[in-house]
There are 2 protein chains.
Amino acid sequence: MLDSKNLKPKQHRAVLAAASVFAEKGYHGASTRDIADRMGIQQGSIYYYFKSKEDALADVCLFGIEDYVSHMETTAMSDQPFESKLLATITSHLTSYRERNEALKVHNSERLYLPKKKRTRLKALGSRYRQLLEELFEQGIADGVVRPTVDAHFAAQSVIGLCNAWGDLIVRDPGLDVFDAIQKCHDLLLNGLRGRPDTD
Amino acid sequence: MLDSKNLKPKQHRAVLAAASVFAEKGYHGASTRDIADRMGIQQGSIYYYFKSKEDALADVCLFGIEDYVSHMETTAMSDQPFESKLLATITSHLTSYRERNEALKVHNSERLYLPKKKRTRLKALGSRYRQLLEELFEQGIADGVVRPTVDAHFAAQSVIGLCNAWGDLIVRDPGLDVFDAIQKCHDLLLNGLRGRPDTD
DNA sequence: GGCGAAATCTATAGAACTATAGAAAAATTG
DNA sequence: CAATTTTTCTATAGTTCTATAGATTTCGCC
C-alpha cells in the first residue's frame, strides 16, 4: 500500500490528477484516458503509476483521508476547551476540501466502489475519526458545555455529514467564502437556530 | 418529459428498478443489463421503457424529487408554528429516503451527470425547495423563534445537507431508526449542542 | 378464436474501455 | 559518454457496453 508521506513528486502528481478526474466524473464515469490526458501522457502510461484503475481510486481515497485524520488526532490531544476543538475540527474538515484537490471528496463519494479488501485501511481511518469526534462530545458533556442528553454518536455523524455537505458546495463553487461557512457551521452546531439567550 | 403522476404501473416498476440499480452502483457503474436483470427482462427490452440510459437517469431523478417538493409546498402553506414546520420538513425528507426506493438518493448524488438541458426541471424544483426553506427561516425570525443573526440561505443549505447525510445513512442501514434520527436532527438544529437552558 | 396493440426477445453493429507487452526515449549515475 | 534506470510510447487483445432493427410472444377485447 501507498503511504502519502512517501510519495515521489511524480506519483504525487498522478494522484492529484486522478483525484481531480474522479471528483469531476466519478470513478466509473472517468476513464484511464481521462487521467492520462490530465497528466499529458498517453493512456497506457498511467499503468506505470497505478497497478489498475481500482488501485488509483484506492490511492486517491487514502491520500484524501490520511493526514486529515492525523490532524484530528492532534486536535483531540490538545488542551483546549470543547468549543475550540469543535471549531478546529470544522476548520480542518472544510479547508481540506479546498486544499486537498478534491481527494477527500472522492473518498467520501466513491470509496464504496472499492472492494472490501481495499477499504480496510480507509474504514479504520474513518472509524478512528468518528471515535475521536465522539470522545470530543463526551468531553463536552463532562465539561458541562454540551447537554447531557446529546447522543455522541448521533452528533458525530451529524457533524461529519454537515461538513461533507458544505465541502461539496465548496468544491463546486470556488468563490464560496470558506471561513464564513466554518463560522456559521460552528455557530449552528453550538447554538442551534434558536440559540441560547446569552445576550438577553 | 415524464410526469410521475401519470406513470403506468409497468413504467413505474421500470423507474423503481433503475432507481435501485443507480443507487447501488451509481449511474456510470450501472449497465442497462443490470436494470433489465432487476426487472427480469432482457437487456435490449429496457429501451421499451427508456429512450436511453441517460433518460432513465432523468426519469429517476424527477421521480425522486417531484412530489417531495410538492409536499414541502404543502407544509410551507400550512398554518403551523416554525418548529412544527421544521419538524415536518425533516420528517418528509428522511422518510422519503426510505420510502421512495432510493430515487431521491439518486437525484442527490447522480443528477450532475445529466447534461444541463435535462436538468432544467430538476434545477427548478431544487431551487423552489430551497426557496421555501429560506422563507421558512425568515418566518421563524419574524416570529421571534429564530435568532435574527441566522443566515436563511446558509441555514437552508445546512438543513438540506444534514438531511441528505442522514438519508444516505438510512438507505445504507435499513435497521436504522428513522424517527429517532428525525427527532435528533430537529433537536440539534433548533437547540444546538449546548441547548437553551429551558429546563433550568 | 381472432385482431390489434403492448411487451418482450434475439442478434448484432459499432464504440469505448482496461490492461499488457515490448520498443523507444529521457534521465541519472559512475 | 556508456551503462543503467526511469519514464513514456505504440499497438493491440479481449472485454463490455449502448442502442437499434426486426421477429416473436403476450394481452385485452369484440
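Letters A, B, ... mirror the listed sequences (proteins, then strands); counts begin at 1. What you see below is based on every heavy atom in this structure, not just the backbone, and it leaves out hydrogens, waters and symmetry mates.
Regarding contacts with the backbone of dA7(C), every side-chain N or O of Ser45(B) stays at 4.0 angstrom or more from both OP1 and OP2. Considering only side-chain N and O atoms, Tyr49(A) lies nowhere under 4.0 angstrom from the phosphate OP1 or OP2 of dT7(D).
A cation-pi arrangement is not found for Lys10(A) relative to Tyr48(A), the charged atom failing to lie both closer than 6.0 Å to the ring centre and inside a 45° cone about the ring normal. Figure legend: Lys53(A) and Tyr27(A) shown as a cation-pi pair, the cationic atom lying under 6.0 angstrom from the six-membered ring centre and within 45 degrees of its axis.
Judged purely by distance below 3.5 Å, without hydrogens or angles, the side chains of Asp55(B) and Tyr47(B) never pair a donor atom with an acceptor atom. For the 3.5 Å distance criterion, the side chains of Ser52(B) and Glu54(B) fail to qualify, holding no donor opposite an acceptor. Tyr97(B) and Asn164(B) share a donor-acceptor pair across their side chains, judged by distance under 3.5 Å alone. When only modelled atom types and interatomic distance are considered, Gln131(B) and Glu135(B) share a side-chain donor-acceptor pair under 3.5 Å.
Per the geometry, CD1 belonging to Ile41(A) stands 17 Å off P belonging to dT6(D), to the nearest Å. When rounded to the nearest whole Å, the span between CD of Gln42(B) and C1' of dT20(D) equals 16 Å. Distance OH (Tyr48(B)) to C1' (dC9(C)): 14 Å, rounded to an integer number of Å. To the nearest angstrom, C1' of dT10(C) lies 16 Å from CD1 of Ile46(B). The distance from atom CZ of Phe50(B) to atom C1' of dA7(C) is 14 Å, rounded to the nearest whole Å. A straight line from CD1 of Ile35(B) to C1' of dT16(D) spans 15 Å, rounded to a whole angstrom. Going from atom CE of Met39(A) over to atom C1' of dT7(D) covers 10 Å, rounded to whole Å.
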What do the steps show when you test Ser109(B) against Phe22(B) for side-chain contact (heavy atoms from CB on, under 4.5 Å), and what is the final call?
-> CA-CA 10 Å; Ser109(B) 57; Phe22(B) 286 153; over 6 Å; no
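Note on Arg38(A) versus Glu24(A): salt bridge recorded, some NZ/NE/NH1/NH2 to OD/OE distance being below 4.0 Å.
Not counting sequence neighbours, Arg130(B) has no partner by the salt bridge (Lys or Arg N to Asp or Glu O under 4.0 Å) test.
Within residues 19-27 of chain A, no residue places a heavy atom under 4.0 Å from DNA chain D.
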Short heteroatom pairs, N/O only, protein and nucleotides 15-19 of chain C, under 3.5 Å:
| unit_1 | atom_1 | unit_2 | atom_2 | d |
| --- | --- | --- | --- | --- |
| dT18(C) | OP1 | Lys53(A) | NZ | 3.1 |
| dT18(C) | OP2 | Thr32(A) | N | 2.9 |
| dT18(C) | OP2 | Thr32(A) | OG1 | 2.7 |
| dA19(C) | OP2 | Tyr47(A) | OH | 2.7 |
| dA19(C) | OP2 | Lys53(A) | N | 3.0 |
| dA19(C) | N7 | Gln43(A) | NE2 | 3.3 |
| dA19(C) | N6 | Gln43(A) | OE1 | 3.0 |

